[in-house]
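Each residue takes its place number in the sequence, starting with 1.
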Amino acid sequence: MRSDTVKTGMSQAPHRSLFNALGFTKEELERPLIGIVSSYNEIVPGHMHLDKIVDAVKAGVLMAGGTPMVFPAIAVCDGIAMGHQGMKYSLVTRDLIADSTEAVAMAHQFDALVMIPNCDKNVPGLLMAAARVNIPTIFVSGGPMLAGRVNKNKTSLSSMFEAVGAHSAGNMTEEEVENYVNNVCPTCGSCSGMYTANSMNCLTEAIGMGLRGNGTIPAVYSERIRLAKQAGMKIMELLEKDIRPKDILTKEAFMNALTVDMALGCSTNTMLHLPAIAHEAGFDLDISIANEISKRTPNLCHLAPAGPVFMEDLNEAGGVYAVMNELDKKKLLNTDLITVTGKTVAENIKNCINRDTDVIRPVDNPFSETGGIAVLSGNLAPDTGVVKRSAVAPEMLKHEGPARVFDSEEEAVEAIKSGKIVAGDVVVIRYEGPKGGPGMREMLNPTSAIIGMGLGSSVALITDGRFSGASRGACIGHVSPEAAVGGNIALVEEGDIIRIDINGNSLTFDISEEELAKRRAKWEPRKPKITTGYLSRYVAMVTSGNRGAILEVPKALS
């Protein structure tokens, strides 16, 4: 066993004395040591109950003959961090989570790992760590929140942000907003729509790293506790069979994940996280391939914010495996791949039927014949930009209008809420990318303000930052190269005509090559907004959004 390095032989006598100090018996140390990575804390609603999940996993490990040992991973609540300086610290935690988990796992020579994430950055951060460490690993998340109820209608966090915009427009009273405050988030768990956390948890199933139901069983269901016990037992089987993350995280598995992503209509943040995970698995994932996959993959689900159904509804309809079964009817998945179940994809999804065709459309009657995400390019995004097509009003799939240019999220929100943005405008928010932000803030506040002001079907938003999975509308993010490195988004001027063709995968602005060259000659890099602490180091190492905002050692230091 790998853990023999720290527990067996005379040279390891000092190590055993320290295990004695921890209260472990000789019998426990003779078993495999299973590291349990707990993202539990008391500030993230999706994580406040993870102590229960941890206890269940420990029980499963013990039942199957292992010795569980728990260590922590940090987590940030994107909703609480939204709209202020705190959002600069959200995406960057993905790499802190990966780094710290790698460090503890390697330092203590665990035989296997059980990852317990739930919210946005913990899932990709722990997947990155799993690929790096590459010992048998399984994921079991905390599960989604139940939908809220406002005026007898199901609702979720995105409605809360939009209510604030409606109040600014004079369309909702303070009392009505307070009704949303008290009812949209009724339980623990990751927020109840197909936002980033739930998108990534669903993709753990699609890519083969989580058991059936990991993405959809609600946090408050006892079934979630049973799932955690099963994961604890299953890790011992994975250890016995020596099935490792890199055996599962193959290029073909990522193609499956992208295909399921398109069918579910996941958050655009998956276009950041999947390339970053692939990088750790040993290969580059060009997100432009998403368009090729989208062309052949029907969009089968319209979960909030794209539609009126929620994660609990997807779970009751059969969950991710039912979606995969629908896709397999058109042979859109590679079903020969091994997964953490110890079985292939084909074996996993066999007989997983679609129990609600209103929630999961049949593959021959989809919401659309193409997938939920589109990758755009053009002179405004010479590399790429990303949009959640399934959450765009049909009339906004093709749009042109004058640029309204802002150099920060705060400036844009103030203009939207004060009525300075009108139908037809294209709001451009720049210097919010990985380097320019720094930290690539989510733009849920401005998108929700646009919806709340009644402009969702007439105003587009473009940014080198990113969007929450709760955003809806013609919201194009991850524009690369970003403004901070001289990308063309930095050269857009007030009033320039911007042309968006989402189905045509095009994002351009009307400018001649000569005028573009003149503007570039005048452009000067801006001083970093933050020059101390972790963010200053992040700025020095982070790459562009189209590469997943991965960290690389600067060439001058390599």
Side-chain angles (χ1 to χ4, degrees), residues 91 94-95 124 254 258 261-262 267-279 283-295 371 373-389 403 405 407 426-443 460-467 474-492 496 498-511 513 516-517 519-520 523 525-526 538-552 554-555:
L91 178 61
R94 184 187 71 183
D95 296 274
F254 279 88
L258 282 168
D261 188 332
M262 295 298 166
S267 164
T268 52
N269 279 316
T270 61
M271 296 294 105
L272 278 175
H273 299 322
L274 288 175
I277 299 160
H279 178 74
F283 57 91
D284 291 329
L285 180 64
D286 183 349
I287 62 168
S288 296
I289 199 172
N291 287 336
E292 179 184 329
I293 293 173
S294 178
K295 285 179 183 178
I373 290 178
V375 178
L376 314 183
S377 61
N379 68 349
L380 185 49
D383 291 335
T384 55
V386 178
V387 63
K388 186 171 181 175
R389 174 168 40 200
V405 182
D407 289 346
V426 179
V427 176
V428 177
I429 305 177
R430 60 193 182 189
Y431 295 101
E432 289 285 7
K435 286 184 181 291
M440 205 176 186
R441 289 195 289 180
E442 288 183 344
M443 300 290 140
L461 194 156
I462 297 169
T463 181
D464 53 7
R466 61 195 179 94
F467 294 109
C475 309
I476 301 166
H478 310 189
V479 169
S480 303
E482 64 174 294
V485 299
N488 286 356
I489 191 172
L491 308 180
V492 177
D496 284 347
I498 293 178
R499 302 183 193 279
I500 301 166
D501 184 354
I502 292 174
N503 287 334
N505 305 117
S506 175
L507 179 61
T508 61
F509 67 125
D510 284 352
I511 188 171
E513 289 297 324
L516 191 63
R519 293 185 188 181
R520 183 166 299 286
W523 180 81
R526 301 196 173 193
Y538 184 85
V539 168
M541 298 176 69
V542 72
T543 61
S544 63
N546 69 302
R547 295 186 60 200
I550 61 172
L551 302 186
E552 288 185 336
K555 290 181 179 179

Checklist entry - Is there side-chain contact between P275 and I550, with at least one heavy-atom pair below 4.5 Å? => result no
Checklist entry - Between E442 and N269, is any pair of side-chain heavy atoms under 4.5 Å apart? => result yes
Item to check | Under the side-chain contact (heavy atoms from CB on, under 4.5 Å) test, residues paired with A490 that sit two or more places apart | outcome: Y431, A483, W523
Checklist entry - Distance from I476 atom CD1 to I502 atom CD1, nearest 0.5 Å? => result 5.0 Å
Item to check | Any residue meeting side chain to side chain donor-acceptor pair (under 3.5 Å) with D501, in chain and number order, not counting sequence neighbours | outcome: none
Checklist entry - Less than 4.5 Å apart, any side-chain heavy atom of D95 and any of M541? => result no
Item to check | Residue pair L274 / D261, side-chain heavy-atom distance below 4.5 Å | outcome: yes
Next on the checklist: Can you give me the closest heavy-atom contact between M440 and R466, atom names plus distance?
Outcome noted: O-NE, 2.6 Å
Next on the checklist: On a heavy-atom basis, which atom in P438 and which in V539 lie closest, and how many Å separate them?
Outcome noted: CB-CG2, 3.3 Å
Checklist entry - For D464 and E432, which heavy atoms make the closest approach, and how far apart are they? => result OD1-N, 3.0 Å
Checklist entry - Is the shortest heavy-atom distance from the side chain of R520 to the side chain of N488 under 4.5 Å? => result yes
Item to check | Residue among V405, D407, T463 satisfying side chain to side chain contact (heavy atoms under 4.5 Å, CB included) with I429 | outcome: T463
Item to check | Close side-chain approach of L551 and V542, heavy atoms under 4.5 Å | outcome: yes
Next on the checklist: Checking T268 now: which residues fulfil side-chain contact (heavy atoms from CB on, under 4.5 Å) with it, not counting sequence neighbours?
Outcome noted: V386, K388, F467, H478
Checklist outcome for this item: Looking only at heavy atoms, the pair that brings A549 and L91 closest together is CB-CD2, 4.1 Å
Checklist entry - Can you check whether R499 reaches S506 side chain to side chain, under 4.5 Å on heavy atoms? => result no
Checklist outcome for this item: In short, L272 meets R94 closest at the heavy-atom pair O-NH1, 3.5 Å
Checklist entry - Atom CD1 of I489 and atom CD1 of I462: how far apart are they, to the nearest 0.5 Å? => result 7.0 Å
Item to check | Close side-chain approach of N379 and L516, heavy atoms under 4.5 Å | outcome: no
Item to check | Atom of G371, atom of S294 and distance for their closest heavy-atom approach | outcome: N-OG, 2.9 Å
